[in-house]
Number of protein chains: 2
Amino acid sequence: MSVRERKERERAERERLIVATARELAEQQGWDAVTTRRLAERIEYSQPVLYSHFRGKREIIGAVALQGAAELAADIRAATAAADGPRARVTALARAYLGFAAGHPAVYDAMFQLDGGLAFAREDTPEPLKDAFAALQETLRESAGAGVDPGLFTELFWAALHGLATLTRAGRLPPEDTERRTALLVDRLAVL
Amino acid sequence: MSVRERKERERAERERLIVATARELAEQQGWDAVTTRRLAERIEYSQPVLYSHFRGKREIIGAVALQGAAELAADIRAATAAADGPRARVTALARAYLGFAAGHPAVYDAMFQLDGGLAFAREDTPEPLKDAFAALQETLRESAGAGVDPGLFTELFWAALHGLATLTRAGRLPPEDTERRTALLVDRLAVL
DNA sequence: CCCTCACCCTAGCATCGCTAGAAATGCTGG
DNA sequence: CCAGCATTTCTAGCGATGCTAGGGTGAGGG
């Protein structure tokens with residue numbers, strides 16, 4: 001039965017190719033440019049092949065989002081691990097988060113702006129998403145302050161970061177003041 | 001030349017009808033349901049009429065967004081004016097903002113989530129948008145704290161509110177803790 | 001009263017996400 | 001090694017989208 005194994009391997013490989021290509025195309029030209037036709041052409045298969053892997057475009061976006069969540073969690077853990085002291089850790093976390101959003105705008109859109117058909121804040125939330133939130137909470141819990149639920153504090157801090165990320169990216173906030181806003185955010189929100 | 005005046009009046013009236021209908025439809029069934037065909041049918045004209053008023057769907061969304069910005073500014077001013085003391089004012093502002101986002105999700109989407117083709121944080125930013133930001137700043141400047149630029153502080157506070165609004169609406173944050181998050185936000189960010 | 005012109009609608013284009021059914025590919029048993 | 005079968009893949013097409021060209025109609029002015 002090695003034939004089946006090979007086929008499964010090839011299928012999995014092709015699925016990775018689809019997700020990677022969608023992500024690449026979105027990063028290059030925006031999600032609007034990610035049409036099923038263009039995507040199919042890039043992977044050198046016809047459109048229906050996409051639907052043998054994913055239920056539809058939404059699921060493809062969702063797959064990119066999950067990938068992004070895993071990377072974001074890793075980025076945050078790497079940044080905070082390299083920092084000394086609570087304040088440096090929170091600052092590093094904020095910079096890592098905003099840096100990720102600015103550096104991979106299409107992936108960030110897939111995670112939070114577009115409908116990837118993912119559940120959140122619920123029982124059936126996919127693991128990478130829960131883990132990304134966990135990565136935030138690991139560092140932020142030490143800055144929550146006395147008598148404040150770490151989960152609630154993490155939600156608030158996350159919301160602030162998310163707001164900064166999206167408003168900056170949409171041109172609503174001047175990007176040159178990002179660092180000052182980050183500093184103010186850490187100063188005020190975190191109890192150090 | 002009273003004929004022309006009447007025609008202009010009718011045109012302006014029809015334009016208001018288009019915007020109001022788009023908003024209504026979006027609020028009832030979401031922006032996805034706002035197609036040029038459905039919109040045209042509801043106002044009892046053909047599609048090309050829409051394009052004699054607006055360059056395209058984006059501009060219609062933009063018109064709804066501007067309307068929303070004016071209402072949001074009014075809501076904020078009304079709420080803060082009725083509050084006594086700095087803390088009550090900031091709390092009222094936050095509640096008014098989040099209440100607006102929750103109460104008019106489609107309008108909020110038009111303002112910040114969708115592409116309405118509006119400029120921000122620039123010279124040619126439409127007046128209602130600048131005024132909404134001004135409404136925030138009027139109340140928040142007294143809570144910025146010593147040595148902190150009120151504009152920067154307002155941007156940060158706004159970003160936090162925006163993050164809370166969008167993440168809550170997208171189901172990323174449990175809605176039942178909204179009030180607690182708001183209280184924590186005010187406690188931490190505002191210097192009272 | 002008729003002409004003219006501005007307005008509006010019918011019809012259609014290109015593209016979108018998605019799917020049914022035909023064609024082709026490649027595995028398996030004789 | 002070949003025939004037959006099953007799986008996979010492609011061609012073609014559906015309904016719907018935003019947007020536009022061009023013809024027809026009705027109201028206003030001489």
Side-chain angles (χ1 to χ4, degrees), chain A residues 1-19 21-23 25-26 29-65 106 109-110 114-118, chain B residues 1-19 21-23 25-26 28-65 106 109-110 113-118:
Chain A
M1 292 297 131
S2 148
V3 174
R4 182 150 119 204
E5 286 175 14
R6 195 203 66 215
K7 288 209 170 187
E8 282 177 7
R9 241 190 358 254
E10 286 172 354
R11 251 192 89 77
E13 176 54 38
R14 195 173 61 181
E15 190 159 316
R16 278 200 303 276
L17 177 63
I18 292 172
V19 177
T21 306
R23 177 176 175 164
L25 192 51
Q29 311 183 31
W31 277 105
D32 279 353
V34 183
T35 69
T36 55
R37 277 171 241 273
R38 256 193 287 265
L39 188 49
E41 195 191 2
R42 286 230 181 174
I43 65 169
E44 294 181 309
Y45 282 96
S46 65
Q47 298 165 49
V49 168
L50 300 175
Y51 292 87
S52 78
H53 289 271
F54 302 95
R55 286 170 160 278
K57 196 185 168 181
R58 275 174 46 154
E59 269 197 8
I60 298 178
I61 296 174
V64 173
D109 280 350
L114 303 175
D115 180 11
L118 302 175
Chain B
M1 293 298 130
S2 149
V3 174
R4 181 151 119 204
E5 286 174 15
R6 194 203 66 216
K7 289 210 170 186
E8 282 175 9
R9 240 189 359 253
E10 287 172 354
R11 251 191 88 79
E13 177 53 38
R14 196 173 60 181
E15 190 160 317
R16 277 201 303 276
L17 178 63
I18 292 173
V19 176
T21 306
R23 175 175 176 165
L25 192 51
Q28 284 170 0
Q29 312 183 31
W31 278 105
D32 279 354
V34 183
T35 68
T36 55
R37 276 172 241 274
R38 255 194 287 266
L39 189 49
E41 196 191 1
R42 286 230 181 172
I43 65 169
E44 295 181 309
Y45 282 96
S46 66
Q47 299 166 50
V49 167
L50 300 175
Y51 293 86
S52 78
H53 289 271
F54 302 95
R55 287 169 159 277
K57 196 184 169 183
R58 277 175 46 155
E59 268 197 8
I60 297 178
I61 296 173
V64 173
D109 280 350
Q113 224 58 314
L114 304 174
D115 181 11
L118 302 175

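The chains referred to below are lettered A, B, ... by the order of the sequence lines, with proteins before strands, and numbering in each begins at 1. No hydrogens, no waters, no symmetry mates; every other heavy atom, side chains included, goes into these values.
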Length of the line joining [X]:[atom1] and [N]:[atom2], which is rounded to integer Å:
{"X": "B:Glu10", "N": "C:dC7", "atom1": "CD", "atom2": "P", "answer": "11 Å"}
{"X": "A:His53", "N": "C:dG17", "atom1": "NE2", "atom2": "P", "answer": "18 Å"}
{"X": "A:Arg11", "N": "C:dT25", "atom1": "CZ", "atom2": "P", "answer": "19 Å"}
{"X": "B:Tyr45", "N": "C:dA6", "atom1": "OH", "atom2": "P", "answer": "19 Å"}
{"X": "A:Leu50", "N": "C:dT19", "atom1": "CG", "atom2": "C1'", "answer": "13 Å"}

To check you understand the geometry: which heavy-atom pair defines the closest contact between [X] and [Y], and what is its length?
{"X": "A:Leu39", "Y": "A:Ile18", "answer": "CD1-O, 4.0 Å"}
{"X": "B:Gly116", "Y": "B:Ile61", "answer": "CA-CG2, 4.1 Å"}
{"X": "B:Val34", "Y": "B:Ala22", "answer": "CG2-O, 3.9 Å"}

| task | Looking only at side-chain atoms of A:Tyr51, point me to the closest of D:dC10, C:dT10, C:dC18. | result |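 Per side-chain heavy atoms of A:Tyr51, the pick is C:dC18.
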| task | State the OG1-CD distance between A:Thr35 and A:Gln47, to the nearest 0.5 angstrom. | result | 7.5 Å
| Pairwise distance CD(A:Glu15) to CD1(A:Ile60) - rounded to 0.5 angstrom |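 Answer for the CD-CD1 pair, A:Glu15 versus A:Ile60, is 9.5 Å.
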| task | Could you list by number each residue of residues 30-40 of chain A showing a heavy-atom separation from DNA chain D of less than 4.0 Å, or answer none if no residue does? | result | A:Arg37
| field | Evaluation steps, side chain to side chain contact (heavy atoms under 4.5 Å, CB included), between B:Arg14 and B:Tyr45 | value | CA-CA 10 Å; B:Arg14 196 173 60 181; B:Tyr45 282 96; 3.4 Å; yes
| task | Please tell me which of A:Gln47 and A:Ser52 maps to the more 5' nucleotide of DNA chain D, matching each residue to the nucleotide holding its nearest heavy atom. | result | A:Ser52
| query | More than 12 non-hydrogen atoms from neighbouring residues, nucleotides or ligands closer than 6.0 Å to CZ on A:Arg55, yes or no? | reply |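 Incorrect, the count does not exceed 12.
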| query | Should we say atom CD of B:Glu44 is surrounded by more than 12 heavy atoms from elsewhere, each under 6.0 Å from it? | reply | no
| message | Which residues in residues 54-63 of chain A have a heavy atom closer than 4.0 Å to any atom of DNA chain C? | response | A:Gly56, A:Lys57
| request: Find out whether A:His53 and A:Glu59 are in side-chain contact, i.e. whether some heavy atom of one side chain is under 4.5 Å from a heavy atom of the other. | output: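 No, their side chains stay 4.5 Å or more apart.
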| request: Using the closest heavy atom to pick a nucleotide of DNA chain C for each, name whichever of B:Ser46 or A:Pro48 lands nearer the 5' end. | output: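 First, find each residue's nearest nucleotide; the 5'-ward one identifies B:Ser46.
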